[in-house]
Colleague: 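Once you've had a glance at the structure underneath, I'll fire off some questions.
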Amino acid sequence: MQKKDAPLRSDAQRNRERILEVAVAELTLCADAPLSAIAKKAGVGQGTFYRNFPNREALVLEIYRHEMQQVADSAAQLLSTREPDRALREWMDHLARFAMTKAGLADAIRQATSGPGSPAKPGHAPVTAAAELLLHANEEAGIIRPGVTAEDFFLAIGGLWQIDPHGDWQPRVTRLLDLIMDGLRAGAPGR
């Protein structure tokens, strides 16, 4: 019997990743996508599917956690290859793409976490830490005004969630994020 926290065998890990990949696509299209259809498209049997994800809530919450972690991880990757302001701006694009393209997934998350006795929606700690990393690097470089917190940043980009993800969102998102970058730069020591 495998211990709960023991690493998965490589084939089991591939099955899990394939399920998550298919589930993201299917649940983004339709929050009510049947789990049996997800298992079939992932090429796994019902037993394999339910061993990994015993119910819809477990699957949806793992997708959310996984997707948020990918957005968070991209911050350090961008910062290691770009100037701090380019890294921050590109990361904002990653965050916006996540927000806009996962509208159906957001419905699935709301369904999974809204009923009585439902699990809580996972926190945003990884994304908050990523924003803090990028903001700190930009402040240290004198690119943005001092003292901007992750909380300030997320309040400023809150307008993202007012944009219709089913319309032509890209130009509006680009304009909004450019305005936010301009605002972060205002009052910077290097200005």
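The structure displayed is predicted, hence computed values, not measured ones.
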Colleague: Side-chain contact, heavy-atom cut-off 4.5 Å: Phe53 with Leu20?
Modeller: yes
Colleague: Is any side-chain heavy atom of Trp91 closer than 4.5 Å to a side-chain heavy atom of Val127?
Modeller: yes
Colleague: Mind checking the CZ-CD spacing from Arg172 to Gln162? Nearest 0.5 Å is all I need.
Modeller: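 So the gap between those two atoms works out to 10.0 Å.
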Colleague: Which is it for Arg14 and Asp11 under the salt bridge (charged side-chain N to carboxylate O under 4.0 Å, His left out) test, yes or no, and what are the steps along the way?
Modeller: CA-CA 5 Å; Arg14 281 191 301 275; Asp11 60 328; 5.5 Å; no
Colleague: A side-chain contact here means heavy atoms from C-beta on lying under 4.5 Å apart; do Leu135 and Asp152 qualify?
Modeller: no
Colleague: By salt bridge (Lys or Arg N to Asp or Glu O under 4.0 Å), which residues pair with Asp168, not counting sequence neighbours?
Modeller: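 In terms of salt bridge (Lys or Arg N to Asp or Glu O under 4.0 Å), with neighbours along the sequence ignored, Asp168 is linked to no residue.
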Colleague: Checking Thr48 side chain against Val44 main chain: does a donor-acceptor pair fall under 3.5 Å?
Modeller: no
Colleague: Please give me the minimum heavy-atom distance between Ile38 and Ile19, naming the atom from each residue.
Modeller: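 Looking at all heavy atoms of both residues, the closest pair is CG2-O, 4.1 Å.
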Colleague: Atom CG of Asp93 and atom OG1 of Thr174: how far apart are they, to the nearest 0.5 Å?
Modeller: 6.0 Å
Colleague: CG of Leu79 to NE2 of His136: how many Å apart, nearest 0.5 Å?
Modeller: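 Leu79 atom CG to His136 atom NE2 measures 10.0 Å (nearest 0.5 Å).
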Colleague: Any side-chain heavy atom of Asp178 sitting closer than 4.5 Å to one from Arg89?
Modeller: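 Result yes, sub-4.5 Å side-chain heavy-atom pair found.
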Colleague: Show your working on side chain to side chain contact (heavy atoms under 4.5 Å, CB included) between Tyr50 and Asn55 and close with a plain yes or no.
Modeller: CA-CA 7 Å; Tyr50 286 106; Asn55 54 45; over 6 Å; no
Colleague: Mind checking what makes salt bridge (Lys or Arg N to Asp or Glu O under 4.0 Å) contact with Glu67, not counting sequence neighbours?
Modeller: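 Salt bridge (Lys or Arg N to Asp or Glu O under 4.0 Å) check on Glu67 returns Lys102.
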Colleague: Are Trp169 and Asp164 side-chain neighbours, meaning at least one heavy-atom pair lies under 4.5 Å?
Modeller: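 Trp169 vs Asp164: side chains apart.
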Colleague: Run the side chain to side chain contact (heavy atoms under 4.5 Å, CB included) test on Phe98 and Gln70 for me, step by step, so that the C-alpha distance in whole Å, both residues' side-chain angles and the decisive distance to 0.1 Å come before the verdict.
Modeller: CA-CA 10 Å; Phe98 171 74; Gln70 286 189 314; over 6 Å; no
Colleague: Pick out which of His94, Glu90, Gln69 makes a side-chain contact (heavy atoms from CB on, under 4.5 Å) with Ser74.
Modeller: His94
Colleague: Can you give me the closest heavy-atom contact between Val173 and Ala96, atom names plus distance?
Modeller: CG1-CB, 3.4 Å
Colleague: Taking all non-hydrogen atoms of both residues, which atom of Ala75 and which atom of Ala130 are closest, and how far apart?
Modeller: CB-CB, 3.6 Å
Colleague: To the nearest 0.5 Å, how far apart are CG in Asp32 and CG in Leu29?
Modeller: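 Going from CG on Asp32 over to CG on Leu29, the span is 12.5 Å.
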Colleague: If you take all heavy atoms of Pro146 and Pro189, which pair is closest and at what distance?
Modeller: CD-CD, 4.2 Å
Colleague: Less than 4.5 Å apart, any side-chain heavy atom of Asn138 and any of Leu184?
Modeller: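 A side-chain contact under 4.5 Å is absent here.
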Colleague: Would you name the heavy atoms of Leu176 and Leu160 that are closest together and state the gap between them?
Modeller: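 Closest approach of Leu176 to Leu160: CD2-N, 3.6 Å.
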Colleague: Would the number of heavy atoms belonging to other residues, nucleotides or ligands and lying under 6.0 Å from CD of Glu151 be above 12?
Modeller: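 Open.
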Colleague: Can you name the one residue among Leu88, Ile144, Asp85 that meets side-chain contact (heavy atoms from CB on, under 4.5 Å) with Leu134?
Modeller: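 Option passing the side-chain contact (heavy atoms from CB on, under 4.5 Å) with Leu134: Leu88.
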Colleague: Looking at Glu139 and Arg145, is there a salt bridge between them, counting it only when a charged N and a carboxylate O are closer than 4.0 Å?
Modeller: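 Result for this pair is no, no salt bridge flagged.
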Colleague: Could you pull out the closest heavy-atom pair between Ala23 and Ile63, with the gap in Å?
Modeller: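 Smallest heavy-atom distance, with atoms named: CB-CD1, 3.4 Å.
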Colleague: Give the cluster check for Tyr64 versus Trp161: same hydrophobic cluster or not, with ILVMFWY residues linked at side-chain heavy-atom distances below 4.5 Å.
Modeller: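 Same hydrophobic cluster.
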Colleague: Please name all residues satisfying salt bridge (Lys or Arg N to Asp or Glu O under 4.0 Å) with Lys40, sequence neighbours left out, ordered by chain then number.
Modeller: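 Listed in chain order: nothing, the list is empty.
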Colleague: Answer whether the closest heavy-atom distance between the side chains of Leu177 and Leu95 falls below 4.5 Å.
Modeller: no
Colleague: Atom CZ of Arg86 and atom CD1 of Ile143: how far apart are they, to the nearest 0.5 Å?
Modeller: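 CD1 of Ile143 is found 11.0 Å from CZ of Arg86.
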Colleague: Under the criterion salt bridge (charged side-chain N to carboxylate O under 4.0 Å, His left out), I'd like the reasoning laid out for Arg65 against Glu62: C-alpha separation, chi angles, the key distance, then a yes or no.
Modeller: CA-CA 5 Å; Arg65 188 206 61 72; Glu62 178 58 19; 2.7 Å; yes
Colleague: So if I apply the side chain to side chain donor-acceptor pair (under 3.5 Å) rule between Asn15 and each of Gln13, Glu17, Arg18, which one comes out positive?
Modeller: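 Of all the options given, the one that passes is Arg18.
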Colleague: Please examine the side chains of Thr128 and Phe154, heavy atoms only from C-beta on, and report whether any two atoms are closer than 4.5 Å.
Modeller: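 Yes, side chains in contact.
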Colleague: Might you work through the side chain to side chain contact (heavy atoms under 4.5 Å, CB included) test for Thr81 and Gln77, ending with a clear yes or no?
Modeller: CA-CA 7 Å; Thr81 59; Gln77 294 164 357; over 6 Å; no
Colleague: At what distance, to the nearest 0.5 angstrom, does CD1 of Ile180 lie from CG of Leu155?
Modeller: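 Output value for this atom pair is 10.5 Å.
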